[in-house]
Chemist: 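Provided herewith is a single structure, encoded as structure tokens, for subsequent inquiry.
Keep in mind it's a predicted model, so treat the numbers as computed, not measured. Both ligands and their constituent atoms are indexed starting at 1 by order of listing. Just so it is clear, the values below take in all heavy atoms, side chains as well, and ignore hydrogens, waters and symmetry mates.
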Amino acid sequence: MSALRVAVVGAAGKMGRLVVAAILDHPEMTLAAALGRKGSASEGLDVGVLAGRGPAGIVITGLTGGSLGGVDVVIDFSGPEGLAELLPILGEAALVSGTTGLGDALQAALSARAAVAPVLHAANFSTGVTLLLHLVGVAARALPDADIEIVEAHHKAKRDAPSGTALALGKAAAEARGQALGDVARLARPPEAPPRVPQEIGFHAVRGGDVIGHHEVWLLPGGERLILQHEAHHRGVFAQGAVQAAAWLARKGPGLYGMADVLGLVTAR
Ligand code: NAD
């Protein structure tokens with residue numbers, strides 16, 4: 001079988017560099033292209049050098065006006081603006097995206113793309129968080145009246161709050177109870193906020209330092225407290241998961257997939 005041709009969008013970023021390194025190390029993948037923000041300082045630089053692997057013969061090119069002909073899978077870690085620019089130029093390629101903070105319009109655009117090509121979006125590519133999403137659903141169903149609060153912490157440069165992972169955890173809890181997250185989420189508690197109401201899911205975002213990714217789901221049925229918690233020790237777990245997802249997605253037909261599919265936690269679709 002010929003090597004999978006993979007392109008990376010947001011290739012000069014914290015996640016992009018790790019994904020590039022993981023592709024260069026992968027025995028069955030070839031790095032086909034590396035794209036970044038047009039006019040950025042990294043444009044024209046060899047992405048293998050940026051990723052700490054030595055020259056790869058692929059330079060970072062601007063996403064704007066770019067093309068992805070001959071690429072099998074694109075891995076995106078650029079952000080909402082980059083993903084919006086990427087969707088119209090995907091051509092035949094499958095898409096793995098880890099961009100968070102999407103908003104309704106971009107979610108809808110991803111779903112539209114999934115009707116014609118394979119798309120895998122995950123707010124968190126770690127195995128532990130994928131399992132946590134499953135466990136939170138089990139716990140929320142088993143404790144239907146428990147108050148749920150989600151606490152997350154990330155490094156000081158993170159743009160979106162609460163994190164995409166925190167929202168995914170809230171969605172898993174709400175949907176396990178037959179509710180839509182939008183109907184039960186409480187994103188902030190200003191000083192004059194009324195007391196919590198039954199079934200509400202509260203979110204708390206801590207920002208500072210170099211925290212990679214910390215998530216806690218508190219379940220408070222009264223008289224006791226259950227906390228389900230995950231800590232990412234380094235970003236490599238997200239990069240490895242995204243590359244694993246790309247290898248998996250290349251064999252799939254059109255559809256919108258998640259990491260639970262890759263790890264076999266979803267049995268029916
Ligand atoms: P970063 O700022 O270090 O990197 C983003 C890169 O994308 C930068 O090089 C930037 O120049 C580039 N970029 C931005 N806008 C662009 C555009 N319009 N066109 C082309 N390139 C553009 O950020 P990061 O920490 O690597 O995170 C990137 C995204 O991935 C964020 O949305 C973050 O929340 C998300 N993330 C997801 C996971 C996961 O497991 N799903 C893990 C970590 C981060």
Chemist: Donor-acceptor pair, His121 side chain versus Thr99 backbone, under 3.5 Å?
Modeler: yes
Chemist: Which residue and atom name correspond to the protein heavy atom nearest atom 37 (C) of ligand 1, and how close is it?
Modeler: Gly98 O, 3.0 Å
Chemist: Under 4.0 Å from any heavy atom of Gly82, which atoms of ligand 1 are there?
Modeler: 17 (C), 18 (N), 19 (N)
Chemist: Can you list the ligand 1 atoms lying under 4.0 Å from a non-hydrogen atom of Glu85?
Modeler: 18 (N)
Chemist: Quick test: of every protein heavy atom, which one is nearest to atom 15 (N) of ligand 1, and how far off is it to 0.1 Å?
Modeler: Arg37 NH2, 3.2 Å
Chemist: Report, in ascending order of atom number, the atoms of ligand 1 lying under 4.0 Å from any heavy atom of Ala12.
Modeler: 9 (O)
Chemist: Heavy atoms only: which of Leu83, Thr100, Val8 lies closest to atom 34 (O) of ligand 1?
Modeler: Thr100
Chemist: Do any N or O atoms from the side chain of Thr165 and from the backbone of Ala123 form a donor-acceptor pair under 3.5 angstrom?
Modeler: yes
Chemist: Is Gly79 in polar range of ligand 1, meaning some N or O pair under 3.5 Å apart?
Modeler: no
Chemist: I'd like to know if the side chain of Arg186 and the backbone of Ile201 have a donor-acceptor N/O pair within less than 3.5 Å.
Modeler: no
Chemist: Tell me: protein heavy atom nearest atom 40 (O) of ligand 1, and distance?
Modeler: Phe125 N, 3.0 Å
Chemist: Any side-chain donor paired with an acceptor under 3.5 Å for Ser42 and Ser40?
Modeler: yes
Chemist: Please list, chain by chain and in numerical order, all residues satisfying side-chain hydrogen bond (donor to acceptor under 3.5 Å, both in side chains) with Thr100, sequence neighbours excluded.
Modeler: Asp160
Chemist: Which atoms of ligand 1 are found less than 4.0 Å from any heavy atom of Gly36?
Modeler: 20 (C), 21 (N)
Chemist: Measure from the side-chain N and O atoms of Arg196 to the backbone N and O of Ile148, and report whether any donor-acceptor pair falls under 3.5 Å.
Modeler: yes
Chemist: Under 3.5 Å, is there a donor-acceptor pair between the side chain of Asp72 and the main chain of Val6?
Modeler: no
Chemist: Please state which protein non-hydrogen atom is closest to atom 39 (C) of ligand 1 and give its distance, to 0.1 Å?
Modeler: Ala123 O, 3.3 Å
Chemist: Would the distance check show the side chain of Asp25 and the main-chain N or O of Ala22 forming a donor-acceptor pair, the cut-off being under 3.5 Å?
Modeler: no
Chemist: Of the protein's non-hydrogen atoms, which lies at the shortest distance from atom 38 (C) of ligand 1, and what is that distance?
Modeler: Phe77 CE2, 3.6 Å
Chemist: Decide whether an N or O pair under 3.5 Å exists between Thr99 and ligand 1.
Modeler: no
Chemist: Which atoms of ligand 1 are found less than 4.0 Å from any heavy atom of Ala122?
Modeler: 41 (N)
Chemist: Purely on distance, is any nitrogen or oxygen of Leu35 under 3.5 Å from one on ligand 1?
Modeler: no
Chemist: Looking only at protein heavy atoms, which one is nearest to atom 2 (O) of ligand 1, and what is the separation?
Modeler: Lys14 NZ, 4.1 Å
Chemist: If you count the atoms of ligand 1 from 1 in the order shown, which ones are under 4.0 Å from a heavy atom of Met15?
Modeler: 26 (O), 43 (C), 44 (C)
Chemist: Hey, what do you get for CD (Glu85) to CG (Leu63), rounding to the nearest 0.5 Å?
Modeler: 4.5 Å
Chemist: Is the NE2 atom of His134 crowded by more than 12 outside heavy atoms at less than 6.0 Å?
Modeler: no
Chemist: Do me a favour and list the nearest non-hydrogen protein atom to atom 13 (N) of ligand 1 with residue, atom name and distance?
Modeler: Ser78 O, 3.8 Å
Chemist: Select the closest option to atom 18 (N) of ligand 1 among Glu81, His121, Met259, judged by heavy-atom distance.
Modeler: Glu81
Chemist: Identify all side-chain donor-acceptor contacts of residues 222-247 below 3.5 Å with residues at least two apart in sequence or on another chain.
Modeler:
unit_1	atom_1	unit_2	atom_2	d
Glu231	OE1	His214	ND1	2.4
His234	ND1	Gly236	N	3.1

Chemist: Show the nearest heavy-atom pair for residues Ala176 and Ala140, with the distance to one decimal.
Modeler: CB-CB, 4.2 Å
Chemist: Need the ligand 1 atom indices (1-based, order shown) with element for anything under 4.0 Å from a heavy-atom of Lys158.
Modeler: 34 (O)
Chemist: Identify, for atom 9 (O) of ligand 1, the protein heavy atom at the shortest distance, and state residue, atom and that distance.
Modeler: Gly13 N, 3.2 Å
